[in-house]
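In what follows, a structure is listed as structure tokens, so that the remarks can point back to it.
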Number of protein chains: 2
Amino acid sequence: MVRRRKVNNMLGLAVLAALAERPMHPYEMAAVLRERGKDEDMPIKWGTLYTVVRNLEKYGFITVSESVRDGSHPERTIYQITREGRVEFADWVRDLLAEPQREQPKFMAALSVWQVLGPEEAMRLLRQRLTLLDAEVADRRTTLMGYAGDLPRIFLVESEYGLAMREAEAAWIRSLLDELTTGSFPDLGAWREWYETGRLPSEVRSPTERGEQSD
Amino acid sequence: MVRRRKVNNMLGLAVLAALAERPMHPYEMAAVLRERGKDEDMPIKWGTLYTVVRNLEKYGFITVSESVRDGSHPERTIYQITREGRVEFADWVRDLLAEPQREQPKFMAALSVWQVLGPEEAMRLLRQRLTLLDAEVADRRTTLMGYAGDLPRIFLVESEYGLAMREAEAAWIRSLLDELTTGSFPDLGAWREWYETGRLPSEVRSPTERGEQSD
DNA sequence: CACCTCCTACTCGTAGACGAGTATACGTAT
DNA sequence: ATACGTATACTCGTCTACGAGTAGGAGGTG
């Protein structure tokens with residue numbers, strides 16, 4: 001039902017997950033997340049972490065369990081999850097799992113305006129992206145293999161998903177590039193002409209011109 | 001090189017794209033975007049639109065071309081793109097195309113903590129997601145087909161990409177569900193036991209337990 | 001033993017994102 | 001004629017996200 005959550009930031013989910021295990025102070029949460037490599041896909045912003053923790057407390061999802069002065073170090077505030085917090089946590093995960101929530105992908109935004117670059121440059125950039133993507137895929141596949149022996153599968157599906165999506169994107173780009181290089185992509189000539197001369201060949205009408213009112 | 005842009009919001013890209021065509025006032029930009037269906041993947045937030053326009057002006061990417069009082073209506077400020085704006089626009093598109101910039105996908109965050117739900121519920125939710133995804137895919141495929149006759153291909157790659165990614169996600173979920181239902185997913189029994197009793201069977205160690213310091 | 005850097009554990013100020021509100025005119029049903 | 005919804009075109013205030021700063025101690029080095 002995707003109802004807007006009190007605490008919306010994804011870091012909040014990570015905090016709840018960490019506290020579901022055992023009480024911790026914020027800095028420790030960050031350390032735990034980093035240790036498990038979660039920060040690769042979701043870098044921990046300090047400001048956000050403390051804001052999120054404060055808000056989770058405000059809404060009763062977590063409470064202060066104790067405030068320790070460790071002799072040295074500044075005072076650390078240790079938080080624990082509440083019953084409401086556990087409910088919210090599970091509920092949140094449920095929503096995220098069941099509802100495909102599209103966050104606007106930047107690449108898609110770029111593709112919606114890629115005509116401003118000429119076909120040659122677009123192809124060059126796509127090739128560059130593909131190279132980087134392939135490297136990422138190889139890298140992730142290796143680390144995944146490395147973990148595969150140590151960790152139960154259930155902790156790996158996340159990485160498997162990330163890998164699968166990257167592979168899918170790479171495959172898509174590959175096929176687009178293929179069309180562009182073999183020339184089987186229609187309107188390539190028109191695109192090039194428009195880009196070089198600034199004028200559209202008569203056989204192609206862009207949606208821009210269609211949409212334009214003559215006022 | 002992904003240098004941090006003066007105006008980072010993706011709506012800024014849309015504004016530059018609109019103004020690259022012809023001068024407009026903000027409300028008209030929103031109308032144009034909506035007309036072209038761009039708002040589906042990137043809903044237009046009013047506050048953000050005006051903030052972004054103000055910032056683009058601040059950094060010299062756009063300037064006020066005229067301020068019209070149309071007899072009726074409040075005064076409309078019409079903006080036009082500057083030379084610097086065109087440069088920034090093209091440069092931005094270049095970066096977005098060439099550099100795979102991972103925005104943290106919420107689904108992945110959910111998968112990283114999905115063990116808090118039992119296997120049965122997780123499967124149910126994944127099935128639900130799959131149904132919704134399939135519907136989306138079918139829907140998008142239909143509209144894409146509809147446009148295919150009217151619009152040059154170059155304006156459709158964006159939608160094609162969106163479709164491909166959704167299909168890939170659906171396929172991935174399908175195969176995961178398959179493993180889970182046939183029971184070929186390892187540790188399924190351990191997961192269920194842990195979920196129901198709260199205790200881990202001895203043969204499985206979670207990374208939690210591994211990572212825990214005994215202080 | 002002075003210095004330097006890294007680690008711990010935050011705080012604070014600011015820029016950005018956004019929703020809800022506002023004000024005017026136009027059409028249209030009553 | 002009047003009331004009511006709807007499109008236009010923003011403004012304003014709040015809440016969030018974040019980066020940069022801080023400050024003490026530990027631990028290593030020349």
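A note on names: the letters A, B, ... follow the listed sequences, proteins ahead of strands, and every chain is numbered from 1. Only this structure's heavy atoms are used, side chains among them; waters, hydrogens and symmetry mates stay out.
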Q | Nearest-angstrom distance from the residue atom NZ of A:Lys45 to C1' of C:dC10 | A | 18 Å

(Q) Rounding to an integer number of Å, can you tell me how far B:Glu35 CD sits from D:dT8 P? (A) 12 Å

Q: Rounded off to whole Å, could you give me the OH-to-P distance for the B:Tyr50 and D:dT8 pair?
A: 11 Å

Q.
For A:Lys6 and A:Glu88: C-alpha separation, side-chain torsions, deciding distance, then whether salt bridge (charged side-chain N to carboxylate O under 4.0 Å, His left out) applies.
A. CA-CA 10 Å; A:Lys6 308 292 185 100; A:Glu88 172 76 1; over 6 Å; no

Q: Figure out the CG/C1' separation between A:Leu49 and C:dC12, and round it to whole Å.
A: 15 Å

Q. Are OP1 or OP2 of C:dA15 and a side-chain N or O of B:Asn55 less than 4.0 angstrom apart?
A. no

(Q) Less than 6.0 angstrom separating the ring centers of B:Trp46 and B:Tyr27, yes or no? (A) yes

(Q) For D:dT16 and A:Thr51 - does any side-chain N or O of the residue sit under 4.0 Å from the phosphate oxygens OP1/OP2? (A) no

Q. Are OP1 or OP2 of C:dG16 and a side-chain N or O of B:Asn8 less than 4.0 angstrom apart?
A. no

(Q) For B:Tyr27 and B:Arg54, find the nucleotide of DNA chain D closest to each by heavy atoms; which residue's nucleotide sits nearer the 5' end? (A) B:Tyr27

Q. How close or far is atom P of C:dA15 from atom CG of B:Leu11, stated in whole angstroms?
A. 20 Å

**Q.** Nucleotide nearest A:Arg76 (side chain, heavy atoms from C-beta), chosen from C:dA20, D:dG19, C:dC10
**A.** C:dC10

Q. Going by an N to O cut-off under 4.0 Å, is there a salt bridge joining A:Glu169 and A:Arg129?
A. yes

Q.
Heavy atoms from C-beta onward define the side chain here; which of C:dC18, C:dC10, D:dC10 lies closest to that of B:Asn9?
A. C:dC18

Q. Considering only side-chain heavy atoms of B:Thr48, which listed nucleotide, C:dT11, C:dA17, D:dA9, is closest?
A. C:dA17

Q. Taking side chain as C-beta onward, heavy atoms only, is A:Pro105 less than 4.5 Å from A:Glu103?
A. no

Q.
Taking A:Glu121 first and then A:Arg127, would you say they form a salt bridge - that is, a charged N and a carboxylate O separated by under 4.0 Å?
A. no

Q: Provide, to the nearest angstrom, the distance between the OH atom belonging to B:Tyr59 and the C1' atom belonging to C:dG16.
A: 11 Å

**Q.** B:His25 NE2 to D:dA9 C1', straight-line distance once rounded to whole Å
**A.** 8 Å

Q: Nearest whole angstrom, please: distance from the P of D:dT16 to the CG of A:Leu56.
A: 11 Å

